[in-house]
Undergrad: 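Below are the structure tokens for one structure; questions will follow.
What you are looking at is a predicted structure, and each value in this text was computed from that prediction instead of being measured.
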Amino acid sequence: MTDTWLPLLGGLILLVAGGEFLVRGAVQAAERLGISPLVIGLTLVGFGTSMPELVTSVQAGLNGSPGIAYGNVVGSNIANILLIAGVSALICPVIVARSALRRDATVMLAVAAGFVLLAWLVPLGRMVGLALVTLLIGYIIFVIRQEQGLADGGALHDKTLALAEADPGLAPTHAPKRLVLPLCIALAGLALVVLGGSFLVNGAVALARGFGVSETVIGLTVVAVGTSMPELVTSVIAALKRQGDVAFGNVVGSNIYNLLGIGGATALIAPSRVPGEIVSFDAPLMVAVSSLLVLFAATGLRIGRREGLLLLGAYVGYVWMLWP
């Protein structure tokens with residue numbers, strides 16, 4: 001068992017640490033180049049907590065393990081809603097910004113439904129992957145243009161705030177420093193992320209064989225929760241600081257990044273068909289729990305502790321049902 005769990009845990013540690021260094025270095029380098037804080041936040045920082053999912057899914061796809069690759073994407077979104085939003089609401093009622101509900105939650109629902117439809121109809125090949133990544137780029141450009149000068153910036157802005165609260169080192173410092181050091185930090189972080197993703201995928205495959213369960217189940221649960229740790233930490237910190245609106249935006253923004261960015265990059269780099277069990281059950285469940293989150297958010301623009309308990313209980317039931 002040590003041979004199984006050690007690479008898995010080591011991979012998770014390297015992914016989280018590497019993602020931290022990668023984003024920190026990239027943010028500092030972008031700041032030195034004169035890029036605006038809004039653009040830095042919505043691109044480099046916003047994608048920061050999704051780096052573990054991205055590297056893990058791409059490496060799993062390249063290794064011929066689509067169950068881990070797409071189980072990680074779908075499972076991370078389910079965990080974001082049921083586990084992370086549930087825990088955050090239990091700590092502090094989650095207040096929902098109108099802009100995040102009107103624009104970003106609607107986009108999250110549409111993207112989730114579109115992903116299910118695509119996975120049902122066609123293999124996720126390079127053209128589909130390119131289309132998903134292009135949609136994400138277009139969405140970020142649209143949000144940047146719309147959010148300039150607005151106090152209520154929506155989900156992606158809140159996701160950035162959550163990261164800055166969790167790690168002040170990711171916030172722009174405006175300190176005049178050389179460009180070489182941030183680039184070295186970013187490259188070191190990238191190397192750690194790639195190495196960690198390799199360990200995590202190998203450990204997940206070994207875990208599936210050791211417990212006699214499918215790679216898809218491991219991807220939907222162990223890998224998905226492990227790679228969602230940055231989102232969990234940032235949302236919990238936001239909830240503890242009574243910033244419930246930031247917690248909601250972090251979940252919604254992460255789900256949009258996961259489906260368009262990670263799902264698209266995985267299809268672009270390692271084309272494959274989404275496993276049938278995900279298409280028939282887990283992906284539709286992702287749409288259902290996304291709708292439930294929006295329904296809770298729309299009633300009074302808040303997600304209270306009772307709703308949080310229901311979400312968390314649903315996640316426990318989901319994991320219990322998946323594992324034999």
Undergrad: Is it the case that more than 12 heavy atoms not belonging to F21 sit under 6.0 Å from its CZ atom?
TA: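 Atom CZ in F21 is not crowded, with 12 or fewer foreign heavy atoms closer than 6.0 Å.
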Undergrad: Mind listing the side-chain donor-acceptor pairs of residues 291-304 below 3.5 Å, one per line with the distance, residues two or more places apart or on another chain?
TA:
{"unit_1": "S291", "atom_1": "OG", "unit_2": "V287", "atom_2": "O", "d": "2.9"}
{"unit_1": "T299", "atom_1": "OG1", "unit_2": "F296", "atom_2": "O", "d": "2.7"}

Undergrad: Enumerate donor-acceptor pairs with a distance under 3.5 Å from any side-chain N or O in residues 273-282 to protein atoms, sequence neighbours excluded.
TA:
{"unit_1": "E277", "atom_1": "OE2", "unit_2": "T216", "atom_2": "OG1", "d": "3.2"}
{"unit_1": "S280", "atom_1": "OG", "unit_2": "G276", "atom_2": "O", "d": "3.0"}
{"unit_1": "S280", "atom_1": "OG", "unit_2": "E277", "atom_2": "O", "d": "3.4"}
{"unit_1": "D282", "atom_1": "OD1", "unit_2": "Y318", "atom_2": "OH", "d": "2.8"}

Undergrad: Using 0.5 Å steps for rounding, measure from the OG atom of S76 to the CD1 atom of I81.
TA: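 The distance works out to 11.5 Å.
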Undergrad: Report whether L268 and V73 are members of the same hydrophobic cluster (ILVMFWY, side-chain heavy atoms less than 4.5 Å apart, transitive linking).
TA: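 As far as the 4.5 Å side-chain criterion goes, V73 and L268 are not connected within one cluster.
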Undergrad: List in chain and number order the residues that pass side chain to side chain contact (heavy atoms under 4.5 Å, CB included) with I141, two or more places apart in sequence or in another chain; answer none if no residue qualifies.
TA: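 Testing I141 for side chain to side chain contact (heavy atoms under 4.5 Å, CB included), a comparison that skips the adjacent residues, returns I137, R145.
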Undergrad: Does any N or O in the side chain of T227 come within less than 3.5 Å of the main-chain N or O of A224, such that one atom is a donor and the other an acceptor?
TA: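 Pair found, side chain donor or acceptor close to backbone of A224.
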Undergrad: Without placing hydrogens or testing angles, list every side-chain donor-acceptor pair under 3.5 Å for residues 105-114, not counting sequence neighbours.
TA:
{"unit_1": "T106", "atom_1": "OG1", "unit_2": "R102", "atom_2": "O", "d": "2.7"}

Undergrad: For V289 and L285, what are the C-alpha separation, side-chain angles and deciding distance, and is it a side chain to side chain contact (heavy atoms under 4.5 Å, CB included)?
TA: CA-CA 6 Å; V289 298; L285 178 66; 4.1 Å; yes
Undergrad: Can you tell me if S57 and N72 form a side-chain donor-acceptor pair at under 3.5 Å?
TA: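 Yes, because at least one side-chain N or O of S57 sits under 3.5 Å from a partner of the opposite role on N72.
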Undergrad: Any side-chain heavy atom of V201 within less than 4.5 Å of one from T56?
TA: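 The answer is yes; the side chains approach within 4.5 Å.
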Undergrad: How would you list, by chain and number, every residue that makes a side chain to side chain contact (heavy atoms under 4.5 Å, CB included) with L309, sequence neighbours excluded?
TA: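 Once residues adjacent in sequence are excluded, the partners of L309 under the side chain to side chain contact (heavy atoms under 4.5 Å, CB included) criterion are L90.
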Undergrad: If we only count heavy atoms from C-beta on, is the L124 to Y70 side-chain gap below 4.5 Å?
TA: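 When only atoms from C-beta onward are counted, Y70 and L124 do touch, with a gap below 4.5 Å.
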Undergrad: Decide side chain to side chain contact (heavy atoms under 4.5 Å, CB included) for V128 and V122; before the verdict, give the C-alpha distance in whole Å, the side-chain angles of both, and the deciding distance to 0.1 Å.
TA: CA-CA 9 Å; V128 173; V122 296; 4.3 Å; yes
Undergrad: Which atoms form the tightest heavy-atom contact between P271 and G125, and what is the distance?
TA: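 Minimum heavy-atom contact is CB-CA, 3.8 Å.
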Undergrad: Considering only heavy atoms from C-beta outward, does the side chain of F115 approach that of L260 to under 4.5 Å?
TA: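 When only atoms from C-beta onward are counted, L260 and F115 do not touch, as no gap falls below 4.5 Å.
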Undergrad: Main chain of G61, side chain of S65: is a donor-acceptor contact present, judged purely on distance under 3.5 Å?
TA: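 Judged by distance alone, no pair lies under 3.5 Å.
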Undergrad: Which heavy-atom pair separates A89 from G308 by the least distance, and what is that distance?
TA: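 Heavy atoms only, the tightest pair is CB-CA, 3.7 Å.
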Undergrad: What's the shortest heavy-atom distance between G261 and V133, and which atoms?
TA: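 Taking every non-hydrogen atom into account, O-CG2, 4.4 Å.
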Undergrad: How about W323: does its CH2 atom have over 12 heavy atoms from other parts shown lying under 6.0 Å from it?
TA: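 More than 12 within 6.0 Å, yes.
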Undergrad: If we ignore hydrogens and angles and just use 3.5 Å, is the side chain of R305 paired with the main-chain N or O of I91 as donor and acceptor?
TA: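 Yes.
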Undergrad: Under a 4.5 Å cut-off applied to non-hydrogen side-chain atoms, are N202 and N63 in contact?
TA: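 Side-chain contact under 4.5 Å: yes.
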Undergrad: Determine the minimum heavy-atom distance between I269 and R126, stating which atoms define it.
TA: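 Smallest interatomic distance, heavy atoms only, reads O-NH2, 3.8 Å.
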Undergrad: How far does CG of N258 sit from CD1 of I78, to the nearest 0.5 angstrom?
TA: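 So the gap between those two atoms works out to 11.5 Å.
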Undergrad: Side-chain contact, heavy-atom cut-off 4.5 Å: L259 with L132?
TA: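 Heavy-atom side-chain distance check fails, nothing below 4.5 Å.
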Undergrad: Is there a path of hydrophobic side-chain contacts, each under 4.5 Å between heavy atoms, that joins V316 and L232?
TA: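 Result: no, two separate clusters.
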Undergrad: To the nearest 0.5 Å, how far apart are CD1 in I218 and CG in L207?
TA: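 If we round to the nearest 0.5 Å, I218:CD1 and L207:CG are 4.0 Å apart.
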Undergrad: Please tell me whether I13 and L200 are part of a single hydrophobic cluster in this structure, the criterion being side-chain heavy atoms less than 4.5 Å apart.
TA: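 The answer is no; the residues belong to distinct hydrophobic clusters.
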Undergrad: Which atom names give the shortest non-hydrogen contact between G86 and L311, and what distance separates them?
TA: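 So the minimum-distance heavy-atom pair works out to CA-CB, 4.0 Å.
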Undergrad: Transitively linked via ILVMFWY side-chain contacts under 4.5 Å: L9 with V223?
TA: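 Hydrophobic grouping puts L9 apart from V223.
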Undergrad: Check whether any side-chain heavy atom of I140 sits under 4.5 Å from a side-chain heavy atom of L136, and report yes or no.
TA: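 I140 reaches L136 side chain to side chain.
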Undergrad: E53 versus Y257: any side-chain heavy-atom pair under 4.5 Å?
TA: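 They are not in side-chain contact.
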Undergrad: Quick one: side-chain hydrogen bond (donor to acceptor under 3.5 Å, both in side chains) pairs with a partner in residues 78-89, sequence neighbours left out?
TA: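 Those involving residues 78-89 are N80-N255.
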Undergrad: Is there a donor-acceptor pair closer than 3.5 Å between any side-chain N or O of Q59 and the backbone N or O of S198?
TA: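 Side chain of Q59 to backbone of S198: a pair is present.
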Undergrad: Would you call I84 and S228 a side-chain contact if the rule is heavy atoms closer than 4.5 Å?
TA: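 In short, these two side chains touch, coming nearer than 4.5 Å.
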Undergrad: Nearest heavy-atom pair of V58 and A270: which atoms, and what distance?
TA: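 Distance-wise, the nearest heavy atoms are O-CB, 4.4 Å.
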